[in-house]
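Structure, as structure tokens:
Side chains included, hydrogens not; waters and symmetry mates left out as well; all remaining heavy atoms used.
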Amino acid sequence: KQEEHQETHQKLSELVSTLPKAKGWATQHVHYHQGFWFNQSPLQGIITLQKSFEARPTDVFLVTLPKSGTTWFKALLFTIMNRNRYDFHDHPLLTANPHECVPFLEMYAMENPNQRPDLSLLSTHMPYTILPKSILASGSRIVYVYRDPKDTFVSLWHFMSKLRPKELPPLVLEDAVEQFCSGKSSYGPFWDHVLGYWKASIEWPDRVMFVKFADMKNDPILHAKRLAEFISYPFSSEEENEGVIHKVIELCSFENLSNLEVNKSGSYKASSASKIESKTFFRQGKTGDWKNILTTEMAEQIDGIIEQKLKDLV
Ligand code: A3P
């Protein structure tokens, strides 16, 4: 079995090496596949999923672009879906990073090409148009999180700067803006990623929910309630009266999660080959931080694309 696995891995890796490539943010290239750019490992997982992933009607898929709120929404959805199983005082999120509670589908598939996680909450960064057919056919739910592209970019830049090997020169902000706006960043172009799910949410409103990071930040009660209803785990009026929604929001808040020992000093094994310090997933958790980092020119450059590509949406 191990040999078979290695052979599949080798074949996929060869296949990816034949695809058009461009310089990525780190040491790796990004590879072009069906209209989008991907890093090597997740792309191998994606190709595997496209061939053989079997979705179940009860599945809930959390879809995000990197740095648009994955950690937060993993925590929220996990807590909402499991609230009758776990007590708030003895909850898995108090001792495990949200990424350990909700599998990242493409990395899981890269390492386990012949199986799927036996859980109903799964997360992915896959664009809508390349989703495995069974996800759309199964009747499962998709929650898509949209975050302001300038905030997403700045968060990504900080994240990549932290993960960057020390022997390399620091990431230059201007170059990163340029690359983000060219669409050739991991899972980019960001505008096509967003548009795919936005259109799907209009066409299939009971299947695809488009939720904004900023809206959840501004009115978490309302949006957590909507989230729960959408995935068919609505809060009952007794739960509302008992303050359960508040408890969910409080448990998953940036202040609470980022101050837990597990997220301050623990690490998350993203794959057998990579380990990320949990604290890297928690920086500020705010909206509008781009103003402190981007020059007017850089902001205008990103805004230009947003206005052109996402004008009906923001
Ligand atoms: P900042 O870098 O702007 O602070 P992802 O989870 O998709 O990797 O995104 C990471 C971003 O979400 C980071 O943004 C991080 O601080 C923020 N974040 C993580 N947990 C959060 C939470 N519980 N509430 C709000 N934001 C959170």
Side-chain angles (χ1 to χ4, degrees), residues 20-32 35-39 42 63-73 125 127 144-198 210-219 253-255 258 276-314:
K21 61 182 179 184
K23 200 172 155 286
W25 284 34
T27 39
Q28 293 185 345
H29 282 95
V30 281
H31 305 265
Y32 190 70
F36 290 86
W37 296 89
F38 304 95
N39 287 336
V63 189
T64 54
L65 267 170
K67 310 330 285 176
S68 61
T70 323
T71 315
W72 187 17
F73 279 76
H125 295 316
Y144 184 77
V145 183
Y146 169 83
R147 188 178 190 195
D148 174 90
K150 297 199 286 303
D151 279 338
T152 306
F153 166 80
V154 164
S155 182
L156 185 61
W157 183 74
H158 279 289
F159 185 74
M160 295 308 289
S161 301
K162 269 186 213 143
L163 295 191
R164 198 169 168 84
K166 298 278 171 291
E167 53 284 9
L168 293 181
L171 261 183
V172 178
L173 192 58
E174 284 83 350
D175 296 349
V177 173
E178 199 59 54
Q179 203 161 4
F180 191 68
C181 292
S182 76
K184 294 176 185 169
S185 58
S186 176
Y187 292 94
F190 71 83
W191 54 89
D192 284 335
H193 201 281
V194 172
L195 277 176
Y197 285 97
W198 184 63
F210 192 92
V211 42
K212 294 185 178 175
F213 182 103
D215 287 345
M216 184 60 85
K217 199 85 201 162
N218 292 338
D219 193 345
S253 71
F254 181 87
E255 290 65 30
S258 62
I276 302 175
E277 282 183 300
S278 298
K279 63 174 186 241
T280 326
F281 291 100
F282 302 92
R283 193 180 62 92
Q284 287 195 340
K286 294 187 181 145
T287 55
D289 181 48
W290 62 265
K291 294 190 190 94
N292 301 317
I293 309 284
L294 301 180
T295 62
T296 315
E297 291 75 32
M298 292 172 185
E300 280 173 0
Q301 196 177 343
I302 301 179
D303 283 343
I305 293 195
I306 299 171
E307 271 157 34
Q308 186 194 338
K309 307 275 187 183
L310 303 178
K311 59 178 179 306
D312 296 332
L313 199 154
V314 284

Can you tell me how far apart NE2 (H29) and CG (N39) are? Round to the nearest 0.5 Å.
11.0 Å
Are Y197 and Y146 side-chain neighbours, meaning at least one heavy-atom pair lies under 4.5 Å?
no
Suppose we screen for side-chain hydrogen bond (donor to acceptor under 3.5 Å, both in side chains). Which residues come up paired with T152, at least two apart in sequence or across chains?
none
Within the distance-only criterion (no hydrogens, no angle test), does the side chain of S161 pair as donor or acceptor with the backbone N or O of W157 below 3.5 angstrom?
yes
Drop me the distance from M298's CE to C181's SG, to the nearest 0.5 angstrom.
10.5 Å
Step by step, would you call K67 with F281 a side chain to side chain contact (heavy atoms under 4.5 Å, CB included)?
CA-CA 8 Å; K67 310 330 285 176; F281 291 100; 4.0 Å; yes
Is F210 close to L313 at the side-chain level, that is, under 4.5 Å between some pair of heavy atoms?
yes
With rounding to the nearest 0.5 Å, note down the distance linking CD1 in I276 to CG in L163.
5.5 Å
Run the side chain to side chain contact (heavy atoms under 4.5 Å, CB included) check on V145 and M216 step by step: do they pass?
CA-CA 10 Å; V145 183; M216 184 60 85; over 6 Å; no
Distance col, row F254:CZ vs F282:CZ, nearest 0.5 angstrom, shows 7.5 Å
Point-to-point distance, once rounded to the nearest 0.5 Å, from CZ of F73 to OG1 of T64:
10.0 Å
Summary of salt bridge (charged side-chain N to carboxylate O under 4.0 Å, His left out) pairs that have at least one residue in residues 286-295, sequence neighbours excluded:
R283-D289
More than 12 heavy atoms from other groups under 6.0 Å of CD on E178
no
For residues 303-314, which residue pairs qualify under salt bridge (charged side-chain N to carboxylate O under 4.0 Å, His left out), counting only residues two or more places apart or in two chains?
K150-D303
Short side-chain to backbone donor-acceptor contact, K217 and G285, under 3.5 Å:
yes
Step through the shown structure and confirm whether more than 12 heavy atoms of other residues, nucleotides or ligands are within 6.0 Å of CD on E277.
no
Once ring-ring contact (aromatic ring centres under 6.0 Å, His included) is applied, do any residues pair with Y32, and if so which ones, sequence neighbours excluded?
W37
Review item, side-chain donor-acceptor pairs of residues 184-196, under 3.5 Å, at least two apart:
{"residue": "Y187", "atom": "OH", "partner": "E106", "partner atom": "OE2", "Å": "2.8"}
{"residue": "H193", "atom": "ND1", "partner": "Y144", "partner atom": "OH", "Å": "2.9"}
{"residue": "H193", "atom": "NE2", "partner": "H125", "partner atom": "O", "Å": "2.7"}

Are the side chains of L173 and F153 in contact, using a 4.5 Å heavy-atom criterion?
yes
Working to the nearest 0.5 Å, report the span between CG of L294 and CD of E300.
11.5 Å
Mind jotting down which residue pairs meet the salt bridge (charged side-chain N to carboxylate O under 4.0 Å, His left out) criterion with at least one end in residues 162-174? Sequence neighbours excluded, please.
none
T287 versus D151: any side-chain heavy-atom pair under 4.5 Å?
yes
